[in-house]
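Proteins get letters first, then strands, A, B, ... in listed order; numbering begins at 1 in each.
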Amino acid sequence: MQRMSRLFGRTLRDDPAEATLASHRLLLRAGYVRPLGAGIYSMLPLGWRVQRRLEQIIREEMDAIGGQEVHMPVVQPADLWERSGRFHSVGPELARFEDRWGRDLVLAMTHEEVATDLGKWFASSYRQLPAVIYHFQTKFRDEPRPRGGLLRVREFTMKDAYSFDTDPEALEAAYQNFLTAYTRAFRRCGIEPTVVESDAGDMQGSAAHEFHCLTDAGEDTLVVSASGAYAANQDIAAARKPAFDHGPPRPIQKVATPGQETIQAVAAFLGVPTHQTLKAVFYWTGQQLVFVAIRGDLEVNESKLRRLLDVPEIRLAADQELDAAGLVAGYASPVGVDGVLVVADDSLQGATNLVAGANTPGYHLTNVNFPRDFQADHVGDIAQVRAGDRTLDTDEPLTLRPGIEIGNTFKLGAYYSEKLDARYLAADGQRRPIVMGSYGIGIGRLAAAIVERYHDDAGIIWPVSAAPFDVHVVQLGSGDVAADAERLSQELEAVGLSVLLDDRADRAGVKFNDADLIGVPFRLTVSKRTLNARNVEFKPRTSPDRTSIPRAQAAQAVHQAHAQALAALTPAAMPAAH
RNA sequence: CGGGGCGUGGCGCAGCCUGGUAGCGCACCUGACUGGGGGUCAGGAGGCCGCCGGUUCGAAUCCGGCCGCCCCGACCA
């Protein structure tokens, strides 16, 4: 048992000023973590116990699908990252340094390279495949802006797993196993995950999913259909674009629109709806200026644009870059521009007689028709999905939901295997690249998501599976009371429960408030009162009600309540993995 | 990287404008009373006022530079 009088950590009576999110505030205030620098935290005993519980749940689910736990280094030779191409492609979030010999090293931000290297060494033949390895390891990512306590940090522990298979079909089977294992793991932690399709990004994979905890504290925006059948990160979400009939194409006309520089202003001035206008937005890829044309009622999604152009980075163009290209913000037009890469959203196809800029200050063109009046180098879906839009296939309404990304899965395919020459000998005698998958869960972020999901004004309300202790014994008094609280704690441990014993000399109010703050699922109070009545007071953190249970049966009763709560979190048997 | 805010004891803050013994609440220590939802009284301990430089007889306070932290945005396997 852990005595609170000896616990390394302390609760705070005042909210730390820096914390705005509930999870950040409560984890600091209840003494789970202590910040060391921006996005860098020490885990105190309470926090570390939670982390280890979460790890154990995930470990069990990884083992259940045949994963084998390993431990890969954080410090890695840069050479490996040179070969995968990421040493140069990744950017400053990858921490680089030299050892005493001047050799380049990196602090791992993820472990695809090392995993691939291990796979290459191990799987010389198809007979060794499939294989899955995983580990819990520190990652360092020099994020431009850490935020929200444990939600977005620079150093953190991740469970990352890597699957090695002979071909895409086998990868698909492994991938399905992971989707199942992840869902089970998160449910056991008290979170019903929302699984969405996502952007593979730097991972270079062919398909990717994210597991989200829906909460207002989330940094990501998810597009979810009413039935839940469709769910995607807004970065890749697609939806129907309502069509509007503006009649058969008419000849272009130039009209004076003095001072009308925004879509709203121009549309109102000319008496047309915004969906009858053409919006011009300019981006800079680092190499060239991009003229983006999209229907006036829609917004550009930069992730989609970046993928369509197949460039690593993109940002809004600066005024000087526009000037250099001879473009006039507010009156720019794709009609008659040249020397600029033109990207058209597919919303322009079939949208007739639009109002566009005239490339002359104070003038617009009416009756612009694509592709009659201008050509695009790229045409595709680059529009932001809006709440109320409808799914492509089933015409269901879509909503936007904030979510915390607590896990992700990538089908890497042969990308890293080819870069690092990780090949196996197939049954037919051919050497083929190992087909890989990569699967991550951020442990600290998961803990933070759980707190976001489970708390009230008084503090954290841990699901039994994640709590730092199973039972919080509050001892109100000394002498006989203390002796009985001690005995009770031992009885609880004897039935397999972990105990936090508040043996401090503080008053009842202080102890109860701290118990609520720390959020252990079950509270038992021992006092003169309970001693005389030969009972103890029992209170689940989830309920405001206190009940008396006979002292003699206390340990058994709590054991039972705990087992029940745990069972409620354990998913029913799911389809067995292959 | 842009915008905003803030660095004074473990936490929350005042003092700074108008330079002159560093203060309040909580937490902490000692004692007494109290004893089931953040008690009362008395007495204590604890601070390079983020750092460096300048102005001045004298700087937490004025000036310059730097560093750090938080929030918003950009960004983000």
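When Watson-Crick and G-U wobble pairs are counted only if both distances are under 3.5 Å, B:A27 pairs with no nucleotide at all.
Using atom C1' as the reference point in both B:G47 and B:G9, the two lie 5 Å apart (nearest Å). B:C11 and B:G35 are spaced 34 Å apart, taking the P atom of each and rounding to whole Å. A distance of about 43 Å separates the C1' atoms of B:G73 and B:U56, rounded to the whole Å. With P as the reference atom, B:G50 and B:G7 are 9 Å apart, rounded to whole Å.
A:R13 has no side-chain polar atom (N or O) that falls below the 4.0 Å cut-off from OP1 or OP2 of B:G25. Within the structure, a side-chain polar atom (N or O) of A:R147 is placed less than 4.0 Å from OP1 or OP2 of B:G73.
Between A:D220 and A:R529, it is A:R529 whose nearest contact on RNA chain B lies nearer the 5' terminus. Where A:I314 and A:V510 meet RNA chain B, the nucleotide closest to each residue was compared, and A:V510 sits on the side nearer the 5' end.
Heavy atoms of A:R154 sit nowhere under 4.0 angstrom from any nucleic acid atom.
Between the side chains of A:N233 and A:S198, no donor N or O sits under 3.5 Å from an acceptor N or O.
Taking atom NZ of A:K528 as the reference point, atom P of B:G35 lies 9 Å away to the nearest angstrom.
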